[in-house]
Amino acid sequence: MSDDVLELTPAQLDALKEIGNVGAGNAATALSQIINKRIDMTVPEVSILPLGDVPDIVGGPDNMVAGVYLRVFGQAPGSILFIMPINSAFDLVNMLMGREKSQDYTFTVMDESALMEIGNILASAYLNALSYFTKLTLLPSIPALAMDMAAALLSIVLVQLGQMGDHALVIETVFKTDDDGINGHFFLIPDPGSLAAILAAIGVSE
């Protein structure tokens with residue numbers, strides 16, 4: 001079986017999307033409990049993109065973004081990257097802190113910790129769903145946070161990821177509360193061999 005994400009069949013993409021939906025639902029529940037407010041997280045699309053196209057789907061290379069990066073350890077290692085436009089990141093932090101909306105996008109140390117925790121929650125929720133379906137052991141690393149223009153932030157991460165593969169599975173996730181819309185992009189980049197292990201474990205290896 002090929003490990004090239006470009007050769008995934010529609011059935012394999014559907015299976016990965018279903019896992020993403022379950023993971024997003026778990027994350028929505030966790031976030032709702034933290035801020036005591038209803039949050040819907042949808043997974044509208046699962047796609048495959050060249051890593052070089054990633055800055056374009058997060059608003060363009062000059063767009064200011066916040067990114068949380070984690071490594072995945074275990075039986076199907078890989079990387080997770082969660083990116084939000086800077087205004088969405090700030091709105092989400094304000095929700096978590098119980099603050100009013102503001103145009104002053106200045107993050108405190110506590111705000112940055114909150115963003116890393118959000119990334120950790122999302123990654124853990126997704127990995128828990130993936131582990132449930134595959135019975136594989138998958139554990140996230142401690143998250144790292146960076147805020148910069150999309151091209152600058154991604155260039156560092158993508159150089160490392162580019163050494164593992166040229167494409168990423170992209171799961172576009174949308175957070176939505178009753179009165180706020182917050183967009184985030186969730187990227188899962190399996191290491192060589194990991195995607196084959198995942199697809200075999202969920203019974204869609206061909």
Side-chain angles (χ1 to χ4, degrees), residues 5 17 20 23-24 27-28 31 35 39-72 78-97 99-123 125-126 140-177 179-190:
V5 294
K17 183 176 181 178
L31 284 172
I35 66 171
I39 288 184
D40 292 324
M41 282 182 61
T42 61
V43 183
E45 186 176 356
V46 176
S47 58
I48 298 168
L49 284 179
L51 291 175
D53 289 352
V54 169
D56 291 331
I57 69 169
V58 296
D62 296 332
N63 195 38
M64 286 295 295
V65 297
V68 180
Y69 173 75
L70 306 94
R71 280 290 293 164
V72 178
S79 300
I80 286 174
L81 184 61
F82 180 65
I83 299 177
M84 291 184 288
I86 203 73
N87 59 326
S88 285
F90 200 70
D91 287 347
L92 186 53
V93 167
N94 282 339
M95 289 167 56
L96 288 168
M97 300 298 181
R99 299 188 303 231
E100 297 295 326
K101 274 193 169 186
S102 169
Q103 298 300 314
D104 178 14
Y105 300 145
T106 302
F107 292 87
T108 67
V109 172
M110 186 171 291
D111 293 341
E112 294 178 359
S113 294
L115 282 176
M116 285 191 285
E117 183 58 25
I118 291 168
N120 193 37
I121 290 169
L122 291 172
Y126 187 84
S141 70
I142 295 173
L145 173 69
M147 286 174 276
D148 206 331
M149 289 189 293
L153 186 150
L154 290 165
S155 64
I156 299 173
V157 175
L158 296 182
V159 164
Q160 178 181 351
L161 299 181
Q163 297 174 354
M164 305 173 190
D166 295 328
H167 293 76
L169 293 173
V170 178
I171 302 168
E172 184 176 3
T173 305
V174 178
F175 300 83
K176 182 173 287 187
T177 64
D179 52 3
D180 297 291
I182 298 173
N183 297 319
H185 297 269
F186 184 94
F187 302 84
L188 171 67
I189 305 99

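Just so you know, residue 1 is the first one in the sequence shown, and it goes up from there.
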Please report the shortest heavy-atom distance between [X] and [Y], naming the atom on each side.
X	Y	result
M149	M64	N-SD, 3.6 Å
A150	V65	CA-CG2, 3.8 Å
S79	Y69	OG-OH, 3.3 Å
T106	F90	O-CE1, 3.2 Å
G119	L70	O-CD1, 4.1 Å

Within the structure provided, determine whether [X] and [Y] are in side-chain contact (heavy-atom separation under 4.5 Å).
X	Y	value
V68	I118	no
R99	V93	yes
S141	V72	no
L115	M84	yes

Original post:
Nearest 0.5 Å, what's the CD-CG distance between E117 and L145?
Top reply: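 It comes to 12.5 Å.
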
Original post:
Which distance, rounded to the nearest 0.5 Å, do you find between the CG of N63 and the CG of L153?
Top reply: 11.5 Å

**OP:** Return yes if a side-chain donor-acceptor contact under 3.5 Å exists between T108 and D111, otherwise no.
**Re:**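 A donor-acceptor contact under 3.5 Å links the two side chains.
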
Subject >> Check: G78 main-chain N/O paired with R71 side-chain donor or acceptor under 3.5 Å >> reply: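 It does hold such a pair.
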
